[in-house]
Novice: 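Dropping a structure here in structure tokens format, bear with me for questions.
These numbers were taken from a predicted model, which means no experiment stands behind them.
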Amino acid sequence: FVSLPADLPNRRTSHGPQQHHKLIVDSTCIAIPEPHDSDQRKKFYHAKSPTNYAIKVQIACDFHHRIVQSRVHVSECYHGSIHDITVLRESELLEHVEEPVQIIGDKGYIGEEYIVTPRKRPHGRELTQENKDFNRDINSARAAIENINRRLKSYAILRGVYKGPVDDFHKITKIIQVIAALCNLNLNKHPIRR
């Protein structure tokens with residue numbers, strides 16, 4: 001299990017890829033079968049899922065390529081149609097973030113004060129070289145959470161279509177938290193980077 005350093009509130013960092021950020025956050029989806037009810041299909045719709053229907057969960061990792069184990073770092077489950085920024089806001093992760101703590105996320109998190117995201121291309125113009133370099137650094141750092149999500153999907157229950165009852169989010173959340181702990185144990189033996 002991973003915990004944040006005790007002296008974290010005393011550390012001061014500014015936004016930017018060259019600084020030492022503390023967490024990387026992203027949502028991952030768990031494919032589910034197509035619901036029979038049209039309202040359920042709208043709630044669970046997620047275009048990136050192989051079945052177009054999914055349950056979404058937010059994962060936070062550190063720069064040692066470990067999932068941070070707490071109830072706010074592995075969020076509750078959400079319907080697949082819920083936007084990533086909504087999952088972040090409802091997950092209580094931001095409530096546990098102190099000013100010096102920085103989180104890196106993808107463009108789905110643009111607009112949150114403590115989230116450093118890639119810069120968007122201005123309408124009708126190209127990004128400056130400085131912004132391209134910034135985005136390259138952010139996306140390079142984000143590779144850690146993408147690798148973690150891929151490792152989580154190596155467990156059969158998350159890899160394919162989830163066959164359990166999709167309306168029991170509490171049970172699915174507990175399953176994901178256990179898999180996150182198993183994934184961390186596996187990462188201790190077989191790290192992504194040495």
Side-chain angles (χ1 to χ4, degrees), residues 1-9 11 20-33 44 46 48-51 53-80 82 84-98 101-106 108-109 112 114-115 140-194:
F1 293 93
V2 175
S3 60
L4 295 173
D7 66 339
L8 192 59
R11 298 181 185 187
H20 297 286
H21 301 287
K22 307 301 183 245
L23 298 172
I24 309 164
V25 68
D26 198 12
S27 291
T28 190
C29 68
I30 301 152
I32 62 168
F44 286 104
H46 187 60
K48 293 181 182 178
S49 169
T51 62
Y53 301 96
I55 294 168
K56 187 180 276 191
V57 65
Q58 178 180 272
I59 306 289
C61 77
D62 63 13
F63 279 84
H64 300 291
H65 295 89
R66 298 293 184 274
I67 300 167
V68 182
Q69 293 290 152
S70 83
R71 90 180 162 77
V72 297
H73 295 93
V74 177
S75 76
E76 297 289 322
C77 291
Y78 291 84
H79 293 101
I82 303 296
D84 288 358
I85 202 163
T86 304
V87 175
L88 174 72
R89 289 173 179 158
E90 291 183 7
S91 72
E92 300 177 16
L93 177 64
L94 294 175
E95 293 175 19
H96 297 354
V97 172
E98 306 227 4
V101 178
Q102 305 251 326
I103 302 172
I104 292 178
D106 61 18
Y109 296 101
E112 279 299 327
Y114 295 109
I115 307 289
S140 175
R142 284 194 61 257
I145 194 69
E146 298 299 339
N147 288 328
I148 293 289
N149 284 339
R150 193 167 37 258
R151 286 280 181 106
L152 286 171
K153 298 287 177 83
S154 70
Y155 292 85
I157 196 165
L158 299 182
R159 181 179 333 128
V161 178
Y162 179 74
K163 297 188 178 18
V166 297
D167 56 346
D168 190 352
F169 279 9
H170 180 73
K171 179 180 179 181
I172 300 168
T173 299
K174 292 298 178 196
I175 290 169
I176 293 168
Q177 289 170 341
V178 168
I179 291 173
L182 291 171
C183 187
N184 275 349
L185 289 174
N186 184 282
L187 286 164
N188 285 337
K189 286 185 175 182
H190 308 285
I192 292 170
R193 292 186 185 152
R194 295 198 180 270

Novice: With sequence neighbours left out, what residues match K48 under side chain to side chain contact (heavy atoms under 4.5 Å, CB included)?
Specialist: H46

Novice: Give the intermediate values and the outcome of side-chain contact (heavy atoms from CB on, under 4.5 Å) for residues Y53 and V166.
Specialist: CA-CA 11 Å; Y53 301 96; V166 297; over 6 Å; no

Novice: Which heavy atom of C77 sits nearest a heavy atom of I176, and at what distance?
Specialist: SG-CD1, 3.8 Å

Novice: Taking all heavy atoms of A141 and all of I24, pick out the closest pair and write down the distance.
Specialist: O-CD1, 3.2 Å

Novice: Show the nearest heavy-atom pair for residues A54 and I32, with the distance to one decimal.
Specialist: N-CG1, 3.7 Å

Novice: Is there side-chain contact between L185 and K189, with heavy atoms separated by less than 4.5 Å?
Specialist: no

Novice: For residues 153-161, which side-chain N or O atoms pair as donor and acceptor with protein atoms under 3.5 Å away, sequence neighbours left out?
Specialist:
unit_1: K153; atom_1: NZ; unit_2: T28; atom_2: OG1; d: 3.3
unit_1: K153; atom_1: NZ; unit_2: C29; atom_2: O; d: 2.7
unit_1: S154; atom_1: OG; unit_2: R151; atom_2: O; d: 2.5
unit_1: Y155; atom_1: OH; unit_2: L182; atom_2: O; d: 3.3
unit_1: R159; atom_1: NE; unit_2: K153; atom_2: O; d: 3.4
unit_1: R159; atom_1: NH2; unit_2: S154; atom_2: O; d: 2.6

Novice: Sequence neighbours left out, what passes side-chain hydrogen bond (donor to acceptor under 3.5 Å, both in side chains) with D84? Give chain and number order.
Specialist: S27, K56

Novice: For H79, enumerate each residue passing the ring pair (Phe, Tyr, Trp, His ring centres under 6.0 Å) test, keeping only those at least two apart in sequence or located in another chain.
Specialist: F44, F169

Novice: Could you work out, with side-chain hydrogen bond (donor to acceptor under 3.5 Å, both in side chains) as the rule, every residue matching E90, not counting sequence neighbours?
Specialist: none

Novice: Could you tell me which residues satisfy ring pair (Phe, Tyr, Trp, His ring centres under 6.0 Å) with Y109, sequence neighbours excluded, listed by chain and number?
Specialist: none

Novice: Please give me the minimum heavy-atom distance between L152 and A180, naming the atom from each residue.
Specialist: CD2-CA, 4.0 Å

Novice: Determine whether a donor-acceptor pair (N or O, by modelled atom type, separation under 3.5 Å) exists between the side chain of D62 and the backbone of H65.
Specialist: yes

Novice: Determine whether I104 and I145 satisfy the following criterion, side-chain contact (heavy atoms from CB on, under 4.5 Å), listing intermediate values before the conclusion.
Specialist: CA-CA 10 Å; I104 292 178; I145 194 69; over 6 Å; no

Novice: Measure the spacing between CD of E76 and CD of Q177 and express it to the nearest 0.5 Å.
Specialist: 7.0 Å

Novice: Looking at residues at least two apart in the chain, or sitting in another chain, which of them share a side-chain hydrogen bond (donor to acceptor under 3.5 Å, both in side chains) with T51?
Specialist: S49

Novice: If you look at every heavy atom in I172 and P165, which pair is closest and at what distance?
Specialist: CD1-O, 3.7 Å

Novice: For the side chain to side chain contact (heavy atoms under 4.5 Å, CB included) test, which of L88, I103, L93, V25 pairs with E112?
Specialist: L88

Novice: So, do Y78 and T86 sit near enough that their side-chain heavy atoms are less than 4.5 Å apart?
Specialist: no

Novice: T173 vs V57, test: side-chain contact (heavy atoms from CB on, under 4.5 Å). Steps then yes/no.
Specialist: CA-CA 8 Å; T173 299; V57 65; over 6 Å; no

Novice: Using the side-chain hydrogen bond (donor to acceptor under 3.5 Å, both in side chains) criterion, which residues pair with D168? Sequence neighbours excluded.
Specialist: none

Novice: Holding to side chain to side chain contact (heavy atoms under 4.5 Å, CB included), I want the full list of residues that pass it with R150, two or more places apart in sequence or in another chain.
Specialist: N147

